[in-house]
Amino acid sequence: MVRSVSGGLAVALVCALAGEARGQESPPPASGDQTILSDVVIESVRPGVARRIDRTSYDIRDDPQAKAAALIDILGKLPSVSVGADGKVRLLGAGGVTVQFDGKPVQGVDVKLNTLTGADVERIEVITNPSSQFAAQGTGGIINIITRKRQRPGWSGQAGVVAGTDGVQTRLSPSVTLGKWTLGATLNINDQHISNRRRADRTYLDTAGTALGTRAETSRVRQKNDGRQAEFKVTYRPTDKQSLTLSSSTFWLDGDEQGRRVVRSAYAGARAYAETRDGDTRMRDQNHDLSYEREGPREGETLKLNANYERWRWIRAADFLNQEEGVDQRFVTRQGIMDGDTTLKLDYERPLGGKVMLTAGGSWVGSDHVSEQGLDNISGPVGLGASYARRLTSRRETSAAYATVQFPALGWTVLPGLRYEDMTLDLAAAGRAVRVRDSDLFPSVHVSKDVAKGVTLKFSYSRRIDRPDPDNLDPSLQYATGDSAWSGNPDLKPTFTDAYEAKFTRVGGRASLDVTVYERVSRGEVSQIRRLTPEGTSITMPVNAGDVTRRGGEASVRGPLGARVRYVATANVYQRDGERLESGVARRERALSYDGSLQLDYKAAAPTSAEAQQFQLSLRVFGPSRSLQSRASGFYRADFTWRRPVTKKVSGVLTVTDLFKTQKYRNREWGAGYVDLSEGRAAAPRVRLSLTYQIGGKP
């Protein structure tokens, strides 16, 4: 029933868009529709695309889905960005992406992307090949989410409620500017429930690869999350060229999880049992930030100082009850993580004359980390062993300094840069202490040339690093369920990546085109390796899986299909050249994959003194992927959004995500003596209806 209704919506919208495109001619672009300023190109300001020599910004304020959809859904629609069925964000097909809020990395990113909406987001910066100005951590690139900064005199902001098949969210974000002061606050209350199903079939093999028997597993998990976010921000502007901002925010989440797993065995060496799980998750995050910005006497001269402290805690406990051959077996797993991060940062930009711009700065980050693991084997399976409690503590300090200089040379704009980072990690676990230190240089270079009116050619290179987390260096065995566990690897080394890009951009009234050709060479890329113990426990451990090269090309085109219809289409095809481990033997393998998206926006004619209705249909395609010991299938997903103004102050948004219930995963994993085939999906389609009230004037 839902599938047929969803399909009807999609077909009706496509027909309406096609008719509108045939019936109307595209108007000429307005004089302010496209602007080229040095190395910044601003196209169609709302919705807008701003291109700089080292990044691309997307204005999402007019995206109808932003009012109700989770941030993870908004990211998946942007060019160069893809979100897999596992919820992981990728840039140009690669993982290791650093997600920032207002230029700062935060803890608990996955939770925040799935619980916060885009209602208070102004734009999103996509940086596929960062310059040396940015921290070198994260080999996949950077996504920077810029929140709204309201400075209009008087009151502004929004209040809204979102209700859907996956929960209810209420939001209030008022702001007031009185003279030199701006006061703002945000309150989000999010009650969310999630349901997932999974099926896994395992085939046991002998050394010759002959099947010995099978095991089948079915599971279902229901999770309820109660999330709260509160923020207070005050900005003081003593002059037009100075501002001091103090903000304090807190985010907390309480989660309850119930799961049931049934394992049936047709192999003498495998257990058969039914498992129920009752889990509790608690997350607490506090962030305090002080920022000072000043414009110098020269146009373009700026000084930015920032001090930030974040404290993040995550606690999870799960009570398991296994029923095996009429015998009850009970055990409890516990995990707790506490992080405290202090960041001091300075950035300075100064024009040196003749279109030469110097950017320089530095930062210091001190991170304290505590991880506690525990197992209470009350009457559990013998293979679990005795109860235990383990504790890991670490202190990481990273100091950095950078400089970039942008200047013209032979008709090109050149931006070379160099960053120096010194990292020290002191780690204590299981009665032993470890000290790790590395110092390295991270160069970058970006060059750009306007080869014709509206046509730009860019080349770039950067070197980046992915340092192991402290927990990934701890070899202690940690149980997740009765037959699955994971451990760190004390021999794990950092991954270094050299990234090369060539980009062609053409900005036009009827169509704007971006074509990117890229190559990423990662040395010692980290992958997960899995093995089975004689008792049937699956143990996962990170390893450096050799050198991996990703090369490919992406094309993105956007423009009007008439006076009221716009489109954005993106296609990315890439090849992964890396190691594959099978039967204990590592061999090189080249695998082709792809991802892409198509978005159609229709804006109806606006009645007198009222805003227009908006319709949006988006389709995403995500190709298969491979790693050292696994292969995942692709999927496609369609979303529909309808935004309708109710009054001048109130608007409603209806969003239906995963219209055809197609976002699911099918994985194949293998190791010594087994092959696993698994598939799963979340409840779909998900329907959300939001009502938003505009406080004061338009932001």
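Below, all heavy atoms of this structure are taken into account, side chains as well, without hydrogens, waters or symmetry copies.
- Judged by distance alone, with hydrogens and angles left aside, the side-chain atoms of N472 form no donor-acceptor pair with the main-chain N or O of P468 at under 3.5 Å.
- Each of S131, S132, S448 was compared with D54 under the side-chain hydrogen bond (donor to acceptor under 3.5 Å, both in side chains) criterion, and only S131 meets it.
- For R284, the CZ atom counts as densely surrounded, since its 6.0 Å shell holds more than 12 non-hydrogen atoms of other residues, nucleotides or ligands.
- Using a cut-off of 4.0 Å between Lys/Arg side-chain N and Asp/Glu carboxylate O, D422 and R437 are scored as salt-bridged.
- Judged by distance alone, with hydrogens and angles left aside, the side-chain atoms of K458 form a donor-acceptor pair with the main-chain N or O of R52 at under 3.5 Å.
- Partners of D285 according to the salt bridge (charged side-chain N to carboxylate O under 4.0 Å, His left out) rule, which considers only residues two or more places apart in sequence or in another chain, are K112.
- Residues F622 and S82 approach most closely at CE1-OG, 3.4 Å, considering heavy atoms.
- Between the side chain of R316 and the backbone N or O of R282, no donor-acceptor pair lies under 3.5 Å.
- The shortest heavy-atom contact between L352 and R298 is CA-NH1, 4.1 Å.
- Under a 4.0 Å N-O distance rule, the pair R311/D341 does not qualify as a salt bridge.
- A distance-only check finds a donor-acceptor pair linking the side chain of S173 to the backbone of Q158 [under 3.5 Å].
- Side chain of D426 to backbone of S394: no donor-acceptor contact under 3.5 angstrom is found.
- Salt bridge present: R550 and E525 bring a charged side-chain N and a carboxylate O closer than 4.0 Å.
- Counting only distance, with no hydrogens or angles, the side chain of R464 and the backbone of Q137 share a donor-acceptor pair below 3.5 Å.
- The environment of R506 atom CZ is sparse: at most 12 non-hydrogen atoms of other residues, nucleotides or ligands sit within 6.0 angstrom.
- Side-chain contact of Q242 with K180: a donor-acceptor pair under 3.5 Å is absent, judged by distance alone.
- When R55, E501, K503 are each tested for a side-chain hydrogen bond (donor to acceptor under 3.5 Å, both in side chains) with T128, only one passes: E501.
- When atom types are taken as modelled, the side chain of Q406 and the backbone of V414 share no donor-acceptor pair closer than 3.5 angstrom.
- Residue I189 holds its CD1 atom at 10.5 Å from CG of D226, rounded to the nearest 0.5 Å.
- For the salt bridge (Lys or Arg N to Asp or Glu O under 4.0 Å) condition, the pairs that include at least one residue of residues 92-108, sequence neighbours left out, are D102-K149, K104-D289.
- For the pair Q286 (side chain) and F251 (backbone), a donor-acceptor distance under 3.5 Å is absent.
- The ring pair (Phe, Tyr, Trp, His ring centres under 6.0 Å) test applied to Y500 returns Y461, not counting sequence neighbours.
- Defined by atom type and a distance below 3.5 Å, a donor-acceptor pair is missing between the side-chain atoms of D639 and T657.
- A salt bridge between R237 and E293 is absent, with no side-chain N of the basic residue lying under 4.0 Å from a carboxylate O of the acidic one.
- Residues satisfying the ring pair (Phe, Tyr, Trp, His ring centres under 6.0 Å) test with Y693, not counting sequence neighbours, are none.
- No side-chain donor from either of S462 and S444 sits under 3.5 Å from a side-chain acceptor of the other.
- S522 and T497 share a side-chain donor-acceptor pair at under 3.5 Å.
- For the side-chain contact (heavy atoms from CB on, under 4.5 Å) with S597, the qualifying choice from V568, T570, N572 is T570, the only one to do so.
- Proximity of a side-chain donor or acceptor of Q694 to a complementary backbone N or O of G157 within less than 3.5 Å is detected.
- Applying the ring pair (Phe, Tyr, Trp, His ring centres under 6.0 Å) rule to W412 yields no partners; only residues at least two apart in sequence or on another chain are considered.
- Summarising the local packing, NZ of K233 is surrounded by more than 12 heavy atoms from other residues, nucleotides or ligands at distances under 6.0 Å.
- Counting only distance, with no hydrogens or angles, the side chain of E554 and the backbone of S80 share a donor-acceptor pair below 3.5 Å.
- By the neighbour-count criterion of 12 heavy atoms within 6.0 Å, atom CZ of R294 is sparsely surrounded, having that number or fewer from other residues, nucleotides or ligands.
- Atoms OG and CG, from S371 and D471 in turn, are 4.0 Å apart once rounded to the nearest 0.5 Å.
- For T139 and D466, the side-chain atoms include no donor-acceptor pair closer than 3.5 Å.
- With 3.5 Å as the limit, one finds no donor-acceptor pair spanning the side chains of E310 and N308.
- D469 and H369 form no side-chain donor-acceptor contact under 3.5 Å, judged by distance and modelled atom types alone.
- With 3.5 Å as the limit, one finds a donor-acceptor pair spanning the side chains of S460 and N129.
- Rounding to the nearest 0.5 Å places CZ of F232 at 15.0 Å from OG1 of T250.
- The OG1 atom of T281 sits 7.5 Å away from atom CG of N225, with the distance rounded to the nearest 0.5 Å.
- Ring geometry, F442 versus F496: the interplanar angle falls under 30°, so the pair is classed parallel (tilted spans 30 to 60°).
- Between the side chains of Y348 and R350, at least one donor N or O lies within less than 3.5 Å of an accepting N or O.
- Remark: F134 pairs with no residue by the ring pair (Phe, Tyr, Trp, His ring centres under 6.0 Å) rule, at least two apart or across chains.
- Shortest non-hydrogen contact noted between R419 and S363 is NH2-OG, 3.7 Å.
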